[in-house]
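These notes concern the structure reproduced below.
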Amino acid sequence: MNLGFPLFPEQASTMASRVDALYFVLIGVSVFFATLICLAIIFFAFRYRRRSELERPPEISGDLRLEIVWSAIPLGFTLIMFVWGAKLYFETYSPPRNSLEIHVVAKQWMWKAQHPEGRSEIDELHVPAGQAIKLLLTSQDVIHDFYVPAFRIKTDVLPGRYTTMWFEPSKVGAYRLLCAEYCGTQHSGMLGRIVVLPPAEYQAWLSSGPTGSTVAATGARLFQSQGCVACHADKDTERGPALAGLYGKQVRLDDGKVITADENYIRESIVNPRANIVAGYRPIMPTFKGVVSEEGILQIISYLKSLGRPEGAQVEK
Amino acid sequence: MNDAVPERRLHYLNVSYGVKSWLCTTDHKRIAWLYLLSITFFFFIGGMAATLLRLELLTPQGDLVQAETYNKLFTMHGVMMIFFFLIPSIPAVLGNFLIPMMIGARDLAFPRLNLMSWYLYIIGGLLAIGAAVAGGVDTGWTFYTPYSSIYSNTHVTLTVCGIFINGFSSILTGLNFIVTIHKMRAPGMTWFRLPLFVWSHYATSIIFILGTPVVAIALALVALERVFRLGIFDPELGGDPILFQHLFWFYSHPAVYIMILPGMGVISELIACFSRKRVFGYSFVAFSSLAIAVLGFLVWGHHMFVSGQSIYAGMIFSFLSMMVAIPSAIKVFNWTATLYRGSIALDAPMLYALGFIGLFTIGGLTGIFLATLAIDVQVHDTYFVVAHFHYIMVGGAVMAYLGGIHFWWPKMTGRLYPEGWARLAAVTIFLGFNLTFFPQFVLGYLGMPRRYHAYPPEFQVLNVMSSAGASILAVGYLLPLIYLVWSLRYGAVAGMNPWKATGLEWQTPSPPPTDNFEVTPVVTREAYDYARAEPQSDYVPGEVEHV
């Protein structure tokens, strides 16, 4: 047993030191108030200890000014903490545009990741230092949670939908990846490693593995082999709209609602196509649930995202 | 009656004997005893589970029990402690015993409903224990879907049935308290003469009635999805797993206040009595209880900051959660101010009360950490959260419960507990508690997730400290069990009002007669009128009116 132990975790992302700064302010203020209260209690308990059973303390029923003061102080302090914390939180969940997007699929009890260039790994994630990494995460079974303490990030990984998170590793090294949402028998064994490499080494690592095609190219092959292309051709057909340029667009549905075609929308259209029908089309598409794996769906989404926006392909009506 | 003692006074304990006289009683004081014995039983079951958890966590490897057993143990610990110990603890034992006495009533409004509440509680508890005996349940007390509704192969359905039935016990108790407080106050007992203990139980009862049905429905839906594959929470069946979290926390966050509010009521009584002063800022303390109860219904989403819910929803819930800090701070400051220029005696109940203020302050301040969004991202689902809620529920609620049990023990039994032993136990519990749970704050920020059977080796030292503290805490909890039982036979006779307290419950003999008061008291003074009460004599409750 090593008797030395750290009090604070390592700082290995651009967010870490900023979260820690907030944490230290909270600790400082908390220690101040906790000490104040404890000292007041100890002082009063000693100074006003009962010396005689006949003591008759003065009648003090309250003081409005004091009540206002000690309501205002916590109000002011918590408002500052709220704004500061909310600002960092907003950034934690708003990935920059130029992020490198990596897909993560969790299952009891492992983490599977696929890089855009096609290389996959299990329970390890290699990333380049100094580059914003965006993760698109989903689960095959129960809720998991992707947690990297050294990066100060965490997000639940849900079945049936995508969550996203991002981080920019600032320090080369290996860091723990833990599952933070209880997910069954081997929950505490659902561990992994984030390996942060210098950018050049990351490139070398990418090409050192089994050379396959990129995620988008694999998606394109699935799009062909599953027969998607029969209805979703280059141009809108009677059976289905063309999908080039779909990602990120506003789509009008047959009930008049307009929704954004994000990853979650595309995923739902594949596994539960009749949930949201695009205006002007009939509900004829069969489900691909169980036919295409979670990884496969992510690959198809990557393929669709990679398609340019051809002229005339108007999904919005 | 025994002829040898012809003048023996009849009171609620000796008015009748035999198992039937207890199991069919409608006397709120006897029902309080039924609860006291049964929650003690559930507390020690939950405590045994905790002991095994802390033993397992002495080493980083999962070597004492298997992962599956560990998961069942922490589930049992949570289910027993929350649903069958903490939620009923102060309301069903002390509240049941004291509310009618404090307001000058003969019983609760619905005595038979009160007995029925206990039976529902026992049936629920036996089902939960039955599930544990049959092989246990491994979902955690939070029953997150779709793990609980589809994937777990353990006795989820039986356990949630037990909790469902137990929920009706809470609802009926809350109903009983609200009607009693509205309709059965003695003449002159106006709302602002009520002891703060009664105010906090009023706030608690509102949560019982409004919140419990929601968790009952949520758990019933889990059972329906498990048994009939109704697609409610599992996305495979077209459900939404996050929906469960919304329903569950809509109750379970207010439930945290069910556990702490009655404790705050106890603390107000203890601080006033042992500093012989009226509680500073009475109306602020009273209304802060209601504010906590109301706000408690608006902050459930702070359990879901990292669940993928909208970040804007996260911000609203963060803001509202921050607001809870204000009524909580008002209470702490007012209790502290009550001590100012008081006549302070550090008897065991007061030690618990002062310990409560310190631990609740730490629990509350770390609550601000958790409400701060960016910090919650780091510490959500880690030992930081575990430490925080144990500071509130054990450092807060259990300290208050023990303080209350000691304070009213003479009233309940007619006997005094041994003061020296009681002070020793209070100090032992305080020290053991801090050693157990303070290291867990550090562990959490370092990144140790909760519900881990095995853990990375760098966390071992802090875990060993925690387990060492837990063994001290266990001794602290066993001590009162021994000396309180001892005092039933050997304790000094207490008399009507050993603490020279002002509440109406002290104006009647100990133990009280079945009807509580010989005559219905008429109240002419404020609560905590220590300044005018003659310290050497019993408080005289105004005029009396014959029933």
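Just so we're clear, the structure is a prediction, and the values are computed from it rather than from any experiment. Lettering of chains follows the sequences in order, A, B, ..., and the numbering in each one begins at 1.
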Rounding to 0.5 Å, atoms CZ (A/R56) and OG (B/S343) come to a distance of 11.5 Å
>> If only side-chain N and O atoms count, and only distance matters, is there a donor-acceptor pair under 3.5 Å linking B/S152 with B/D138?
In response: yes
Can the ring centres of B/Y445 and A/Y23 be said to be less than 6.0 Å apart?
yes
So, the part of A/L191 with a heavy atom under 4.5 Å from chain B: the answer is side chain
Applying a strict 4.5 Å limit to non-hydrogen atoms, the region of B/A371 in contact with chain A is neither
Of the listed A/P58, A/A40, A/A45, the one with the largest count of heavy-atom pairs under 4.5 Å with chain B is A/P58
Under 4.5 Å to a heavy atom of chain A? For B/M323 that would be side chain
Which of A/T92, A/L135, A/V196 passes side chain to side chain contact (heavy atoms under 4.5 Å, CB included) with A/F167? It is A/L135
> Heavy-atom count around B/R341 CZ within 6.0 Å, excluding the residue itself: above 12?
Replying inline: no
Okay, A/D145 and chain B: the region with an atom under 4.5 Å from a heavy atom over there is side chain
Cut-off 4.5 Å, heavy atoms of chain A, and the answer for B/F319 is both
The interface call for A/Y147 against chain B, heavy-atom contacts under 4.5 Å, is side chain
Applying a strict 4.5 Å limit to non-hydrogen atoms, the region of A/N272 in contact with chain B is neither
Cut-off 4.5 Å, heavy atoms of chain A, and the answer for B/P456 is both
Turns out that what part of B/S288 lies under 4.5 Å from chain A's heavy atoms comes down to neither
Looking only at A/K289, A/E67, A/R152, the option with the highest number of non-hydrogen pairs under 4.5 Å against chain B is A/E67
| field | Under 3.5 Å side-chain donor-acceptor pair for A/E168 and A/T14 | value | no
Looking only at A/F90, A/F44, A/W70, the option with the highest number of non-hydrogen pairs under 4.5 Å against chain B is A/W70
When the 4.5 angstrom heavy-atom criterion is applied to A/T163 and chain B, the contacting part is side chain
Honestly, the part of A/L158 sitting under 4.5 Å from a heavy atom of chain B is side chain
Honestly, the part of B/F284 sitting under 4.5 Å from a heavy atom of chain A is side chain
Applying a strict 4.5 Å limit to non-hydrogen atoms, the region of A/R176 in contact with chain B is side chain
When the 4.5 angstrom heavy-atom criterion is applied to B/F74 and chain A, the contacting part is side chain
The ring-ring contact (aromatic ring centres under 6.0 Å, His included) partner of A/Y182 among B/F143, B/Y147, B/Y151, B/Y70 is B/Y147
Okay, B/Y312 and chain A: the region with an atom under 4.5 Å from a heavy atom over there is side chain
If one checks every heavy atom of B/N334 against chain A at 4.5 Å, the contacting part turns out to be both
For B/F438 and B/F441, what are the C-alpha separation, side-chain angles and deciding distance, and is it a ring-ring contact (aromatic ring centres under 6.0 Å, His included)? CA-CA 6 Å; B/F438 200 85; B/F441 285 122; 5.6 Å; yes
* Taking everything shown except A/Y265 itself, do over 12 heavy atoms lie less than 6.0 Å from its OH? -> yes
When the 4.5 angstrom heavy-atom criterion is applied to A/F77 and chain B, the contacting part is side chain
task = Taking atom CG of B/N153 as the centre, report whether more than 12 heavy atoms of other residues, nucleotides or ligands fall under 6.0 Å from it.
result = no
If one checks every heavy atom of A/Q140 against chain B at 4.5 Å, the contacting part turns out to be backbone
If one checks every heavy atom of B/I150 against chain A at 4.5 Å, the contacting part turns out to be neither
Aromatic ring pairing A/Y48/A/F43, orientation class (parallel under 30°, perpendicular over 60°, tilted between) | perpendicular
Result for side chain to side chain donor-acceptor pair (under 3.5 Å) between B/R451 and one of B/T142, B/N71, B/D381 points to B/T142
CD (A/E59) and CG (B/D529) are apart, to the nearest 0.5 Å, by 6.5 Å
Applying a strict 4.5 Å limit to non-hydrogen atoms, the region of A/R51 in contact with chain B is neither
dist A/T155:OG1 -> A/H144:NE2 (nearest 0.5 Å) comes out at 13.5 Å
With chain B, the option among A/A72, A/G160, A/S61 that has the most non-hydrogen atom pairs under 4.5 Å is A/S61
Bottom line for B/Q66: the part with an atom under 4.5 Å from chain A's heavy atoms is neither
Most contact-rich option vs chain B, by heavy-atom pairs under 4.5 angstrom, among A/L7, A/T78, A/L22, A/V271, is A/T78
So, the part of A/C183 with a heavy atom under 4.5 Å from chain B: the answer is backbone
- Task: Determine the interplanar angle of the B/Y528 and B/Y530 rings, folded into 0 to 90°, and report it as parallel if under 30°, tilted if 30 to 60°, perpendicular if over 60°.
- Result: parallel
Turns out that what part of A/Q108 lies under 4.5 Å from chain B's heavy atoms comes down to side chain
Comparing A/G290, A/C179, A/A275 against chain B, the one with the most heavy-atom pairs below 4.5 Å turns out to be A/C179
When the 4.5 angstrom heavy-atom criterion is applied to B/T139 and chain A, the contacting part is backbone
Okay, A/I27 and chain B: the region with an atom under 4.5 Å from a heavy atom over there is both
